[in-house]
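In what follows, residues are counted from 1 in the order of the sequence shown.
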Amino acid sequence: MARQRIIFVVVVTLILAAGLGVYLSYFYESYSDFVPVQIGAEMENCLNCHAGMKPQQGYVGHVPAELGYCTTCHTLHAMGEKSLLVKPESELCLTCHADQSGGMTSIHIPYKMSNCTSCHDPHQSAFPGILVKEEPALCITCHSSIDKAGSLVKHQPVTQSCTTCHEAHVSDSPRLLTVANTNDLCFTCHSQVKNDSLKTFKHSPVLSGDCQSCHNVHGSSVPGALLARDESSLCIQCHSDVVKPGSQVQHQPNAGSCTTCHTSHGGEVKSLLVADTPDLCYSCHTTTAAQLSLSKQHAPFADGDCLSCHDIHSSTATNQALLTKSTPGLCYDCHKSVSSQKFVHKPVATGDCFSCHEPHAAPAANLLFTSNMTTFCQSCHTSTRQEFKLTSKHPVGTGGFSCTSCHTSAHGSPNASLLKAVGNNLCSSCHSGILKEFQTGLHKSVGNGDCSSCHVSHGSKNVSLLEQTVNQTCSSCHPGMLNHFVGTGKQGQDVNCATCHGIHGPTFDHLLKADDTNQLCQNCH
C-alpha cells in the first residue's frame, strides 16, 4: 500500500510538472518579459458565473486568461482591490511586464498613471495587442484634435496606424516618436524627400530637420502635401521680401504656386529653382523663347540674363512686365546717352522705348521691327507718309535714300526736327551744285538764303517741292511783274516764270536763261 501511495504521488507530481512546463513555454514564447506568478483554479469554475469571459474564436487573449489561470490576477474570495485583483492595477501589470519608463523622456499618460486598461482589455480583444478599440480609433478617443473636422487631407498613418510614427508606451524622443530626429522619421516613408535633402542646395527647414514648419503631420485643410496653410502664404511667412512694398504687379506663380519655379526640399540649382534660367523662364514664356531665332538680339536676352531687366517675384514698375524699374529709367541704366540731346524724339521724351524697339529680339538692327527705315518711320508719321504720295516728292525709299538721310537716329539731335544739319547745310549734302549757284546768284538773299523759304521738305503738289506754284512763289516777292502770258502754250508746254527765268542762279541779267532776248523769245515764238 505504501508503495502504491509513493507511485501515485510521483505520477501526480509529473503531471503537474508537465502542465506547468507547457504553460511556461507558451508564456515565454508569447511575452519574453512575462514571469508567471500564480497558478489558480481552472477557468471552467470561473465561467460558471463569468460566461462573458469565455475565449472567443479569432480573438486575441491575455495569456493568463487564454490558459485559464484566472487566479494569476484575481483572488477567489476577497480583496481590497476592485475586481478582486490580487494587487493594485499599477503593480499587478508590472509583475509580468517590466517597467520600461526608466530614463525615458516621453511617457504615455496612461502608462505613466499605470492605467493599462484604458487602452488594453485584460482578458481578450478582437484587436491586436488586446486593445479595447481598433487603432487609430483608440488613440482618437483621447487625441480628438488629431481627427480635425474639415481636414481635406489626412496623413496616411493617421487613417491606419498611429504606431507607425509613435511608440505606444515610452520613448526617448519627444511626443513618443519612434525616431528622435524628425527628418529621419519622415524619411522612413518619404524616400524622395530624403534624396532631395542630399542635393547641393537645401531648403532651410529640411536642413534643420524641421518638417513641421511647413507641414501638419496629422491632417491639413489644404489639398496636397499636408501643408500648414495654402502654398503662397506659407512661403511668404519666411520669404516676405518676395512681395515688394507698393508692388504694381506680381509674377503669376508668386501669387499662386511657388513650386512652379522652386523645389520645396532640395535641388541642384541655386535658389532651389527647378531649372536654371533662362530655360526655366522659357518653359512658360514660349513666345519670348521663339525670338531666339531672330538675327538681332538684346544683349541680356542673348546672354540668357533675364534678371538684368526683370524681377522674378514682384515689381513696383508701372507696367506688366515685372521690370526691375520703370522705363525709360531701366533702359537709360545702360543707354545713358539716348536722352542727352537738346531735341529728342517724342517716344524718348515720354519714355516709350518700346514704341520703336523690341525688348528681346528683332529682325533688324537696333531691335527695330523692320530694316526699311521709310516704312518704320511712316508707321507713326502718317501725315508725312501722305506727303510722299504727292506729285513732287523727295525720293525717300528709293536708291538708298531714307528718312535717316536727313534726320539723325531716332533719339535726339542738337537741331530741331532731329535734322542732321541746319538749313542749307543739310540740303547741300545732296544738292551741292544747286546751292553753289544759289549762293552766287541774285536770289542768294531770298528768305535769308534758306531753301525752305520756297521749298517744302517731304512732298508737294507743285513742281520741284515748291510750297506754291512757280508763279505764286515768284509773285510773293515780285508783285505786278507777271505781264507775260502764263498757262499752257500752243505747243502744250507749261508757260510760267521759270520758262524764261532761272530759279537759283544763272549769270545772265534778270536771271534770264539766255543772254540774247530775241533768242529766248524765239524758243516759243
Side-chain angles (χ1 to χ4, degrees), residues 15-101 107-144 146-147 158-164 166-170 176:
I15 290 172
L16 289 174
L20 182 57
V22 171
Y23 171 77
L24 290 174
S25 175
Y26 181 90
F27 215 78
Y28 273 98
E29 287 177 2
S30 303
Y31 291 84
S32 59
D33 60 348
F34 183 88
V35 180
V37 296
Q38 184 179 359
I39 299 175
E42 294 297 327
M43 191 174 197
E44 285 77 2
N45 293 329
C46 300
L47 291 178
N48 289 330
C49 294
H50 304 285
M53 300 301 178
K54 184 178 180 179
Q56 298 188 49
Q57 186 69 30
Y59 272 42
V60 179
H62 194 191
V63 172
E66 192 173 48
L67 295 177
Y69 293 102
C70 303
T71 54
T72 301
C73 299
H74 301 279
T75 186
L76 295 176
H77 300 106
M79 177 60 69
E81 299 298 326
K82 65 177 183 178
S83 303
L84 294 176
L85 295 176
V86 296
K87 293 181 181 180
E89 182 181 330
S90 60
E91 299 176 17
L92 180 59
C93 297
L94 295 178
T95 304
C96 299
H97 304 284
D99 185 4
Q100 301 172 353
S101 62
I107 304 173
H108 201 188
I109 294 297
Y111 188 88
K112 187 175 184 179
M113 301 300 294
S114 300
N115 187 13
C116 305
T117 53
S118 64
C119 297
H120 299 281
D121 191 301
H123 299 106
Q124 60 182 342
S125 170
F127 311 114
I130 325 179
L131 296 177
V132 296
K133 287 184 181 180
E134 187 176 19
E135 187 190 343
L138 174 61
C139 302
I140 291 173
T141 303
C142 294
H143 304 284
S144 57
I146 291 174
D147 189 34
V158 172
T159 62
Q160 295 181 356
S161 174
C162 302
T163 51
T164 302
H166 299 278
E167 295 287 357
H169 298 117
V170 296
L176 289 170

Which of these passes side chain to side chain contact (heavy atoms under 4.5 Å, CB included) with Ile130: Cys119, Pro122, Ser125? Ser125

Please list, chain by chain and in numerical order, all residues satisfying side-chain contact (heavy atoms from CB on, under 4.5 Å) with His120, sequence neighbours excluded. Leu131, His169

Which atom of Gln100 lies closest to which atom of Tyr111, heavy atoms considered: N-OH, 2.9 Å

For the CD1 atom of Ile109 and the SG atom of Cys142, what is their distance to the nearest 0.5 Å? 10.0 Å

Could you go step by step and tell me if Asp121 and His62 meet the side chain to side chain contact (heavy atoms under 4.5 Å, CB included) rule? CA-CA 8 Å; Asp121 191 301; His62 194 191; over 6 Å; no

If I compare all heavy atoms of Ile107 with all of Ser101, which pair ends up nearest, and what's the gap? CD1-CB, 3.7 Å

Nearest 0.5 Å, please: how far is CG in Asn115 from SG in Cys93? 9.5 Å

Can you measure from CG (Leu92) to OG (Ser114) and round to the nearest 0.5 angstrom? 11.0 Å

Check: Gln56 main-chain N/O paired with Gln124 side-chain donor or acceptor under 3.5 Å: yes

Report the C-alpha separation of Glu89 and Cys116 in whole Å, then their side-chain angles, then the decisive distance to 0.1 Å, and conclude whether the side chain to side chain contact (heavy atoms under 4.5 Å, CB included) test is met. CA-CA 8 Å; Glu89 182 181 330; Cys116 305; 3.9 Å; yes

Correct closest heavy-atom pair for Pro136 and Gln160 would be CD-O, 3.6 Å

With rounding to the nearest 0.5 Å, note down the distance linking CD in Glu135 to OG1 in Thr164. 7.0 Å

So how far is it from Cys46 SG to Leu76 CG, rounded to the nearest 0.5 Å? 6.5 Å

Kindly write out the residues that satisfy side-chain contact (heavy atoms from CB on, under 4.5 Å) with Lys54, not counting sequence neighbours, or none if the list is empty. Leu47

Nearest 0.5 Å, please: how far is NE2 in His123 from NE2 in His50? 8.5 Å

Show your working on side chain to side chain contact (heavy atoms under 4.5 Å, CB included) between His74 and Leu85 and close with a plain yes or no. CA-CA 4 Å; His74 301 279; Leu85 295 176; 3.7 Å; yes

